[in-house]
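Remarks on the structure that follows.
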Number of protein chains: 2
Amino acid sequence: MPSNSTASAPQQGRDKLHLQLARLFRSKVSTGAWPVGSAIPTVQELEALHGVSRTTVRMALGALVAEGLLLTRKRGGTRVIAAPYKPPSFLLPTSWKELVAFGAHIGQITLHTGRDCLPPIPEGFPDVGRMAPAYVHLLRVYDHDAARFCLSQLYLEQELFPEIEAQLERSSLAVALSSDPSRIAVARQHLSVAPADELAAEHLGVALGTPLMQALRWACNADGLLIYWARVRFLSEYVHMEMDLLK
Amino acid sequence: MPSNSTASAPQQGRDKLHLQLARLFRSKVSTGAWPVGSAIPTVQELEALHGVSRTTVRMALGALVAEGLLLTRKRGGTRVIAAPYKPPSFLLPTSWKELVAFGAHIGQITLHTGRDCLPPIPEGFPDVGRMAPAYVHLLRVYDHDAARFCLSQLYLEQELFPEIEAQLERSSLAVALSSDPSRIAVARQHLSVAPADELAAEHLGVALGTPLMQALRWACNADGLLIYWARVRFLSEYVHMEMDLLK
DNA sequence: GAGTGGTCTAGACCACGGC
DNA sequence: CCGTGGTCTAGACCACTCA
């Protein structure tokens with residue numbers, strides 16, 4: 001049926017077919033015509049029911065899956081998700097104190113350690129202090145309930161490393177650095193949503209380009225030397241922030 | 001060519017074809033084989049070159065378009081984006097003062113005004129103060145350079161409305177409320193990344209489910225009465241935040 | 001007007017996983 | 001095992017837009 005005939009399409013043919021279908025399917029879910037938890041008709045049935053091809057059905061279903069309304073399983077059919085899955089939401093730190101507390105109770109895995117690195121500060125980023133000649137680099141991932149939700153690239157001024165190396169295995173860099181609070185004179189963070197690059201996509205198990213919450217954090221000592229730089233990226237549905245607007 | 005033959009596929013056939021192609025195309029961009037700004041081969045040419053169907057080419061190209069590396073135009077062909085387009089980044093306010101400043105220089109359009117509403121506070125949201133019997137509701141969108149980047153749903157305690165109605169046409173609610181600073185005793189915000197619902201998708205011109213930066217803001221007077229509730233959603237690539245971690 | 005990307009069809013084969 | 005979703009093919013028509 002090549003032309004846009006009446007067939008059983010729900011609307012007279014103006015809009016794109018797969019968008020019409022997606023809208024129809026969405027309403028089936030929200031009205032309960034497709035009850036939560038139940039299997040919806042198979043792709044073959046949907047093709048026949050609406051007189052469209054498999055490709056079109058899949059374009060429509062793909063949208064709903066992307067929106068988190070449907071879950072597909074190879075043999076079990078396509079099911080309506082109970083609730084658009086709500087993962088645990090971590091409170092992103094807005095102060096060094098919270099940053100230390102945050103690192104204290106998260107399971108971490110160190111993937112890589114390297115010496116004589118320089119932190120990859122983005123082009124055009126505002127002044128973050130004087131650069132030291134060398135930094136130690138740590139690449140870490142953080143889990144919660146077996147779900148990997150955070151990737152961090154850490155850079156620590158190299159001469160500081162021996163002092164805190166022992167603590168680093170068990171605790172976060174912020175915790176370790178804070179063992180001597182006088183080391184830190186300036187600490188700031190920059191937050192944005194950034195698309196996943198290849199490193200993040202690989203370690204967080206998401207598609208390239210997936211929006212991630214990115215925190216760039218840095219600290220300087222009293223001499224204005226950059227002693228800590230971190231680029232930390234979170235699956236965005238796992239984190240939120242709260243703040244008092246009256247300072 | 002139904003079976004996974006050698007053809008001109010870059011790798012021996014284990015991986016999925018469209019993923020192989022996407023990887024190949026990505027490397028063409030990053031190595032400069034497809035120079036930035038230039039048009040890449042047409043879909044027809046790519047089909048023939050790699051011995052695959054249009055659908056497969058489009059699956060691969062679709063991924064790169066989603067990653068922001070390519071831009072398609074109906075007749076002009078598909079081009080490599082100069083820089084993965086960096087829109088202007090607004091600094092999200094972290095204090096009431098910044099909130100007021102933020103609202104002062106943004107072009108706004110009021111889409112809807114209603115009386116006798118109640119703010120739609122999410123299920124399970126922590127205490128935000130005593131609810132007044134009625135609120136005035138404003139639905140607004142904000143532009144920058146003709147690009148719509150922000151949608152806000154505002155709720156103002158109804159008895160307060162006459163006092164500031166005149167200012168509201170020209171300025172943000174925060175600006176108007178601040179004309180008498182004694183009105184506000186508590187002001188907080190909650191930030192998260194939330195998928196676009198139908199309202200946001202329509203007014204911001206994005207697909208349903210697109211991750212948006214969401215700010216929930218509220219203010220109470222000295223009696224603990226909720227006088228201001230706002231749900232503001234931004235295209236996430238347009239905003240960032242900065243903060244001093246040492247308070 | 002012609003070439004391009006966007007959409008859609010009607011098939012086919014495969015891998016996975018519940019029966 | 002075998003039904004299911006996932007992938008892929010080889011075509012077709014359309015809308016847009018640039019030369």
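Chain A is the first sequence line, chain B the second, and so forth, proteins listed ahead of strands; every chain is numbered from 1.
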Can you sort out the partners of B/Arg26 under salt bridge (charged side-chain N to carboxylate O under 4.0 Å, His left out), two or more places apart, ordered by chain and number? B/Glu67
Listed partners of B/Phe90 passing ring pair (Phe, Tyr, Trp, His ring centres under 6.0 Å), at least two apart: B/His144, B/Phe149
Once you round it to whole Å, what is the distance between C1' of C/dT9 and NE2 of A/His50? 17 Å
If only side-chain N and O atoms of A/Thr72 are considered, is one of them under 4.0 Å from the OP1 or OP2 phosphate oxygen of D/dT4? no
Could you tell me how far apart B/Arg54 (CZ) and C/dG6 (P) are, to the nearest whole angstrom? 9 Å
Does A/Thr56 put a side-chain nitrogen or oxygen below 4.0 Å from OP1 or OP2 of C/dT9? yes
Residues passing the salt bridge (charged side-chain N to carboxylate O under 4.0 Å, His left out) test with A/Arg58, sequence neighbours excluded, are none
In whole Å, I'd like the distance from the NZ atom of B/Lys16 to the C1' atom of C/dC16. 11 Å
Separation of atom CG in A/Leu17 from atom C1' in D/dA12, rounded to whole Å: 15 Å
Report yes if at least one side-chain N or O of A/Arg58 is closer than 4.0 Å to OP1 or OP2 of D/dG6; otherwise report no. yes
From the options D/dC18, C/dA10, C/dG6, select the nucleotide whose nearest atom is closest to the side chain of B/Arg73. D/dC18
Distance col, row B/Arg231:CZ vs B/Leu199:CG, nearest 0.5 angstrom, shows 8.0 Å
Contacts of B/Glu47 meeting salt bridge (charged side-chain N to carboxylate O under 4.0 Å, His left out) (sequence neighbours excluded), chain-then-number -> B/Arg54
Taking N or O atoms only and anything under 3.5 Å, show me the protein contacts with nucleotides 1-3 of chain C, one pair per line.
residue : atom : partner : partner atom : Å
C/dA2   : N3   : B/Arg75 : NH1          : 3.4
C/dG3   : O4'  : B/Arg75 : NH1          : 3.2

Expressed in angstrom and rounded to an integer, what is the separation of A/Leu19 atom CG from D/dA15 atom P? 16 Å
Just jot down the salt bridge (charged side-chain N to carboxylate O under 4.0 Å, His left out) partners of A/Arg73, sequence neighbours excluded, or say none. none
Test item: A/Gln153 side-chain N/O and A/Pro120 main-chain N/O as donor-acceptor pair under 3.5 Å: no
Both A/Val43 and B/His18 contact DNA chain D. Which one's nearest nucleotide lies toward the 5' end? A/Val43
Phosphate OP1/OP2 of C/dG5: any B/Thr78 side-chain N/O under 4.0 Å: yes
Find which nucleotide of DNA chain C each of B/Thr55 and A/Gly76 is nearest to by heavy atoms, and output the residue with the more 5' nucleotide. B/Thr55
Looking at C/dG5, C/dC8, D/dT4, which one has an atom nearest to any side-chain atom of A/Gln44? D/dT4
Rounded interatomic separation in angstrom, taking CG from A/Leu71 and P from C/dG18: 11 Å
Roughly, in whole Å, what's the span from CD in A/Glu47 to P in D/dT7? 16 Å
Nucleotide D/dG5, atom C1' - distance to CE of B/Met59 in whole Å: 13 Å
